[in-house]
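To start, the structure under review is shown below, and the notes come after it.
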Amino acid sequence: MSSKGGGTALTRRNYRLSSDMDKPRATGIVNEKLLSDFLHHVFPSANQGPAVMTASVSHGAKLFLLCRKPLGFQDLGTHLERLLSEGEANQPMEGRLGPQPVVLDHTSGFEGLLFVDDDLLGVIGHSNFSSIRATTCVYKGKWAYEVLISSQGLMQIGWCTLNCRFNQEEGVGDTPDSYAYDGNRVRKWNVTTTNYGKSWAAGDIVSCLIDLDEGTITFCLNGQSLGTAFTNIKMGPGVAYFPAISLSFKESVAFNFGSRPLRYPFRTGRSGYLPLQNPPTADLLKAHKLLGYIKNVLSISIDIQEERLVEKDCAVWRLHGEPTVLITLAHIFNHFAPLMCKVYLVEDVLMSFLLGILEGGGSVDEHPLIQQLLDLFWLLMEDYEVNECLKQLMMSLLRAYRFSPIIPDLGFQIHYLRLTTAILRHEKSRKYLVTFDVLRSVVFFYIKTPLRVKEAGLEELIPTTWWPTHFDKEGKDEREPRDESADERLRRRAYERGCQRLKKRIEVVEELQVQILRLLLNNKDKTTGEASRYIFLNKFRKFLQENASNRGQHPTALCPPEYMVCFLHRLLTAVRACWDESSRKCPGSISSEDAYVPPQLFYNGKVDYFDLQRLGGLLSHLKKTLKDDLASKANIIIDPAEIQAASMDDLDEDEESGAAQRPFGAAAMGGALARPSWLSSPTLGRANRFLSTAAVSLMTSRRPLTQPEKVKVRTLAVEQRTEDDIEGSHGSDGLLLGRPLEEPDQPVADKSLLEILDGIVMMYNLSVHQQLGKMVVVADDVHEYAVALKDTEEKIARCPARRPDILEELQKSQKVFAEKLNHLSRRLAWINATIYSKEKMLDVYWLLCVCIRTIEHADNTGSLFAFAPEFYLNVAMNAYSALKNYFSPVNSMEELPGYEETLTQLAAILAKHFADPRIVGTDIKDSLMQALASYVCYPQSLRAVERIPEEQRVAMMRNLLAPYEQRPWAQTNWILVRLWRGCGFGYRYTRLPHLLKTKPEDANLPSLQKPCPSLLLQRHMAELLSMDKDMAASFLNSVLNQLNWAFSEFIGMIQEIQQAAERPERNFVDTRQLKVCATCFDLSVSLLRVLEMTVTLVPEIFLDWSRPSAELLLRRLAQLLNQVLNRVTAEKNLFDRVVNLRLPGLESVDHYPILVAVTGILVRILVDGDRQGVSRAASVLLSDPCFQLHSIQHLLGEGVESSERRHFSLHAYTDYISEEEKQKVELMLAFLTEESKQAAASTPTSEEDLCPICYAHSISAIFRPCSHKSCKACINQHLMNNKDCFFCKATITGVEDYSKPAAS
């Protein structure tokens, strides 16, 4: 049966005409007696009971049948109305005051800032602690309402009287006569607070019950009573209780006062709890009767040949267009259709009936009755009625799916997904539901994580728990511990089997979710208009726009990131399946394994990227500056008027979207923001908050195109795009318009999938990556508790027998840790199955490869690379980070296909683009630099950098050695340090010696990885600095400048810290100041290490004085080294005192890192160099006025007079400094001691011959043309920044050597 109605052309109006105006012909369809029997069977009277068709009929039944009045179509309307009118009386209910329907009081019953839904049932907190109550109160009887928890944060839900006054600090339960349950803190509140109930989670339903006959209040969670919370509540005249809630910022819930069937009704006969809002009893009775009549029609057929009625199974019923059946159904639907527009009836009657059809199990295809019923709906109901009915049905399914409790077999979730799949298999219904709001279906792709493991049945699924018990020296889990006992191995394997059982059950849900998306991505269902995929595509783009545009403005309007994660994986799976299916039908097209987004999508205007940043800046700016390149490379002409119009449209859009986002109609803001679709509100309609933005379509040329011709484009609203605009036709390239010459002309089977793929990448960037990082916390908790448990067990083993009190406390701790680990390990199994499984890892890896290929293709277009959105680079970096940090150790990156090649490709991208002039955004530049800095910290990724082509490696090193001024240099310096770490003096450590006993915050941090120096990149650096003298001089000058600044800032800050610590009154040093101080220290150490690296690799930069700046650089280096040594090694100095304070935040500040870095430089220039270089270095060092031999002696602990405390000495660090290194330091000390003695014995220079600027060196230079004199060091340093003479301000044109003439 097709969705168009099985070939029948009759409408509901036709049926009415045939039954009312053409009676003889209608009744002539079948025998009148047979028709009467048929109608009496379908519409049995109350006293008749259900019709029974058997071979033998009793005598009484025969008499009844003989006396029964014949029934035909002419009497059917009256007969049906009489049947429906029976039992309509409603019982009035006492004990309640207020209007019906019951909603939230948005006029006067609130405090604080709130967003309230259009239906006045959903609410989002928008201030510190907001409160709101309902419009109806109760004073007698038993009453209930439900709250659907959309977020699990701080909320207090319950009851309050009219006299309760709330504020931003006190809410429901904080005042007398208000009572509340708080599942976030697991407490109950009535002025005071005590423990009560269980913790709630998003997706739970809280039932609030009040018994005003007994004076008690009870709360239930997902239908399970939490026990009586309050007794003896205030009652009597003038006391009535309103439903009320207080909630903190961004928390959200939806109320059900009875506008829909309560999910957990608490009724036992007549004495149960009633919903605050009257159920539509009369309509409910009618709907059930009418549904019964429909079932009767489905279960019987008319055998015209034998003139009898035949019973049959409902499941095999087909809509064949039989007039008798259709006219009968038309009469039923005349009453049934209006009822199916009401949410209560759809949920209670229709949804229950449809779910019952699928209860038999089997695949959805085995239940065609639902398709037949939907055909019937579209045939016999008006379009607006079907639309409203489907809308309400889908919303009911969404609520039911989202707020169903987790059970071991996930039965509830599977049940609702099966029905959703069955409905979406119906073409016409699917297209309407996609048009209605595809965003709401995001809820269907979410699998919530159970907070309460026991209720979710995980104890039965995973009876045996396991957690890591073996850790290496740095606190990391050992993946394959060698000393694992047989018992541990059995436990681990049993746990893994349980995890596999859980995973298989979750995969059933995931498969159904992918089936739903496959239906939405159908591009072949064009018989009833535009294919589903293109409707979905435009809605999906609007969804992305809303989430991208609202980020940072209205966080409550964003799709929750946990939903985004699941949606991304299901959509990605569906897209890949569709892609492979299409590519198989189109040989030679790109397969999903090689998928990428062609660069023309970024500039041809076919795809809207909203206001997202491009690599080259704003789109309007790029269109102006690169219009010639677009014309020459992509044959696209940008009309100047179009640019201006687009700019004005952007302004208008900002204004209108801002106006649309203003709340209206409720709450303290003076209105309510439309409810986001992924929340639980039963709201049906939803205002569009954003205008359609520009897309571009091809204007057909008047003359035939011979060679590639310039294409002029015009804007087109997203909703107005057709299949031809996307897929292309009649010589048009669709989305691939404007292919540059560098881009291969390889066909893509379905161009629409390119835009969906582009949207998936954008989704990952918007919130998926952050959510992946958040969920790792459970694995971190397991690790921490496992370490704590192991430590406790070791203490129990060491506990002396004479201390049973300590042993008892330790055993209590052991029990608590073990219970917590049992709970967390089962939760972790769920998270690993739903978020960090091998399949999910492959999804993220595929996305990484897509981004890499996309960036490579965009890069090949030259200047047009600037049009690429920033998020492609971000996703490439973040996806790699997620694979490395979030999916291990459960899954290993090394097992991924083509892993090493992908690492190398990403390394090439980072190496090339971190200093790419086409990229202008500061944030993306910083991200690229940080990614490269992290990349060189790990051996595998560093080797990938070494595998990229030599030309790219040299270019990367050249960019790293650019002067530090006018750019963010700290990360650059960090990269150079990582390339050196492991080669420097005493620089083979992972953690500093004094921090070994403390636990690192995160052992996976790049800074805590083992040294892995790159000799290849060091060689490139040496060659560049050696060959390019100007670059070497400017680079080292900038390093020395930054070292001078960083160390000076550090000294200034520790002076302030010391002064604050010595004040008699108790002063707390600002943590931010401590952090900046530690950062300056770390920068100073890393700059010293870069100088050590340079001195080691290219000593001639300092020691070959034939190079223009060598002497100046050496003198500056000596000056800074002496300053650092003097500040750090002076007896009882400021540095010592601050280090001994051991302030939190200054953990990295210690003698070892900075003194060892300085020692490495000194050893290299004074011991390891040639004789001439050593001589020059010694003379410059000793001639510096700040030089003190005592500072060098301090390194080996010599020359220390006081023995009050332990002094620093390199001899103490035997694990960090080799014997050879110590010997070199001793040689250096002996050499400097001897040299300083000789310098002291030499004839002192007269004061007249000293440089008048520094008074440290002899006059050695004369300026031209003014003939003033100074030492070379002073004038060279001065001329780097200024060309005027020190003394007369004349412009210096030249500097010549000067030597004092011999005395006559």
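Every heavy atom of this structure was used, including side-chain atoms; hydrogens, water molecules and symmetry mates were not.
Looking only at distances, no side-chain donor or acceptor of Ser1086 sits under 3.5 Å from a matching main-chain atom of Trp974. Of the possible polar contacts, none joining the His1268 side chain to the Phe1287 backbone as a donor-acceptor pair under 3.5 Å is found. The backbone N or O of Ile948 lies less than 3.5 Å from a partner atom in the side chain of Arg953, making a donor-acceptor pair. Between the side chain of Ser934 and the backbone N or O of Ala931, no donor-acceptor pair lies under 3.5 Å. Counting only distance, with no hydrogens or angles, the side chain of Arg1089 and the backbone of Val977 share no donor-acceptor pair below 3.5 Å. Ser1175 places no side-chain N or O within 3.5 Å of a backbone atom of Arg1171 that could act as its donor or acceptor partner. Distance alone, capped at 3.5 Å, places no donor-acceptor pair between the Ser1260 side chain and the Tyr1298 backbone. Remark: the backbone N or O of Leu903 is not paired with any side-chain donor or acceptor of Tyr880 at under 3.5 angstrom. Side-chain atoms of Ser1026 do not come within 3.5 Å of backbone N or O of Glu1023 as any donor-acceptor pair. Arg918 contributes a side-chain N or O that, together with a main-chain N or O of Gly862, makes up a donor-acceptor pair within less than 3.5 Å.
If you take CG on Leu1040 and CG on Leu1117, they are separated by 6.0 Å, rounding to the nearest 0.5 Å. Between the NZ atom in Lys1283 and the OG1 atom in Thr1293 there is a gap of 11.0 Å [rounded to 0.5 Å]. Distance CD/Gln1059 to CD1/Ile1054: 11.0 Å, rounded to 0.5 Å. To the nearest 0.5 Å, the span separating CD on Gln1123 from CG on Leu1043 amounts to 9.0 Å. Here the CG atom belonging to Leu1091 is positioned 10.5 Å from the OG1 atom belonging to Thr1096, to the nearest 0.5 angstrom. We find the CG-CZ distance between Asp1168 and Phe985 to be 10.0 Å, quoted to the nearest 0.5 Å.
Residues Leu1083 and Gln1042 fail the side-chain proximity criterion, which asks for heavy atoms closer than 4.5 Å. Leu1024 has its side chain within reach of Met1031: a pair of non-hydrogen atoms, C-beta onward, lies under 4.5 Å apart. Between Leu976 and Met957 the shortest side-chain heavy-atom distance falls below 4.5 Å. When side chains are defined from C-beta on, Tyr1216 does not count as touching Val1156, because their heavy atoms never get closer than 4.5 Å. Counting only heavy atoms from C-beta outward, the side chains of Lys925 and Ile919 approach each other to under 4.5 Å. You'll find the side chain of Leu942 reaches within 4.5 Å of the side chain of Leu979, heavy atoms only. For the pair Leu1232 and Leu1181, the minimum side-chain heavy-atom distance is below 4.5 Å. The shortest distance between side-chain heavy atoms of Ile1192 and Leu1162 falls below 4.5 Å.
Taking all atoms of both residues into account, the shortest heavy-atom contact from Cys1080 to Glu1049 is SG-CB, 3.8 Å. The shortest non-hydrogen separation linking Thr1233 to Ser1236 is O-OG, 2.8 Å. Closest non-hydrogen pair, Cys1285 versus Ile1292, comes out as CA-CD1, 3.7 Å. Nearest heavy atom pair, residue Ser1106 against residue Asp1104, reads OG-OD1, 2.6 Å. Nearest heavy-atom pair, Cys983 versus Leu1015, reported as atom, atom and distance to 0.1 Å: SG-CD2, 4.1 Å. In this structure, Ala1177 and Ile1165 approach most closely via the heavy-atom pair CB-O, 3.6 Å.
Below 30°, between 30° and 60°, or above 60°: for Phe1263 and Phe1286 the angle between ring planes is between 30° and 60°, a tilted geometry.
A ring-centre distance under 6.0 Å is found for Tyr987 and Tyr989.
Other residues, nucleotides and ligands contribute only 12 or fewer heavy atoms inside 6.0 Å of the CD atom of Glu900. Heavy atoms from other residues, nucleotides or ligands lying under 6.0 Å from CZ of Arg1107 number more than 12.
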**side chain to side chain contact (heavy atoms under 4.5 Å, CB included) between Phe1047 and Leu1087, worked out** = CA-CA 10 Å; Phe1047 191 71; Leu1087 287 162; over 6 Å; no
- Message: Please determine whether salt bridge (Lys or Arg N to Asp or Glu O under 4.0 Å) holds for the pair Glu1111 and Arg1115, giving the CA-CA distance in whole Å, both sets of side-chain angles, and the decisive distance to 0.1 Å.
- Response: CA-CA 6 Å; Glu1111 184 182 357; Arg1115 292 189 185 279; 2.9 Å; yes
Given side chain to side chain contact (heavy atoms under 4.5 Å, CB included), test Glu950 with His1020 step by step and report yes or no. CA-CA 9 Å; Glu950 183 175 353; His1020 290 322; 3.9 Å; yes
Next item on the list: Kindly indicate, with the supporting measurements, whether the criterion side-chain hydrogen bond (donor to acceptor under 3.5 Å, both in side chains) is fulfilled by Asn1037 and Arg1116.
Entry: CA-CA 9 Å; Asn1037 186 61; Arg1116 291 195 65 197; 2.4 Å; yes
Please test Gln1223 against Ser1218 for side chain to side chain contact (heavy atoms under 4.5 Å, CB included), starting from the C-alpha separation and ending with a verdict.
CA-CA 9 Å; Gln1223 290 172 8; Ser1218 66; over 6 Å; no
### Message
Before you tell me yes or no, could you show the steps for Met877 and Leu928 under side chain to side chain contact (heavy atoms under 4.5 Å, CB included), namely the whole-Å CA-CA distance, both residues' side-chain angles and the distance that decides it to 0.1 Å?
### Response
CA-CA 8 Å; Met877 295 182 286; Leu928 284 165; 3.8 Å; yes
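Under the ring-ring contact (aromatic ring centres under 6.0 Å, His included) criterion, the residue pairs touching residues 1081-1118 are Phe1050-Phe1081, with sequence neighbours excluded.
Only one option out of Asp916, Leu910, Leu615 pairs with Leu873 in a side-chain contact (heavy atoms from CB on, under 4.5 Å); it is Leu615. Here the rule is side-chain contact (heavy atoms from CB on, under 4.5 Å) with Cys1077, and of Ile1051, Asp1082, Leu1143, Ile1057 only Ile1057 fits it.
With respect to Lys1224 and Glu1221, no salt bridge is recorded, no charged nitrogen being found less than 4.0 Å from a carboxylate O. Ion pairing between a basic and an acidic side chain is recognised when a charged N comes within 4.0 Å of a carboxylate O; Arg1164 and Glu1092 show no such pairing.
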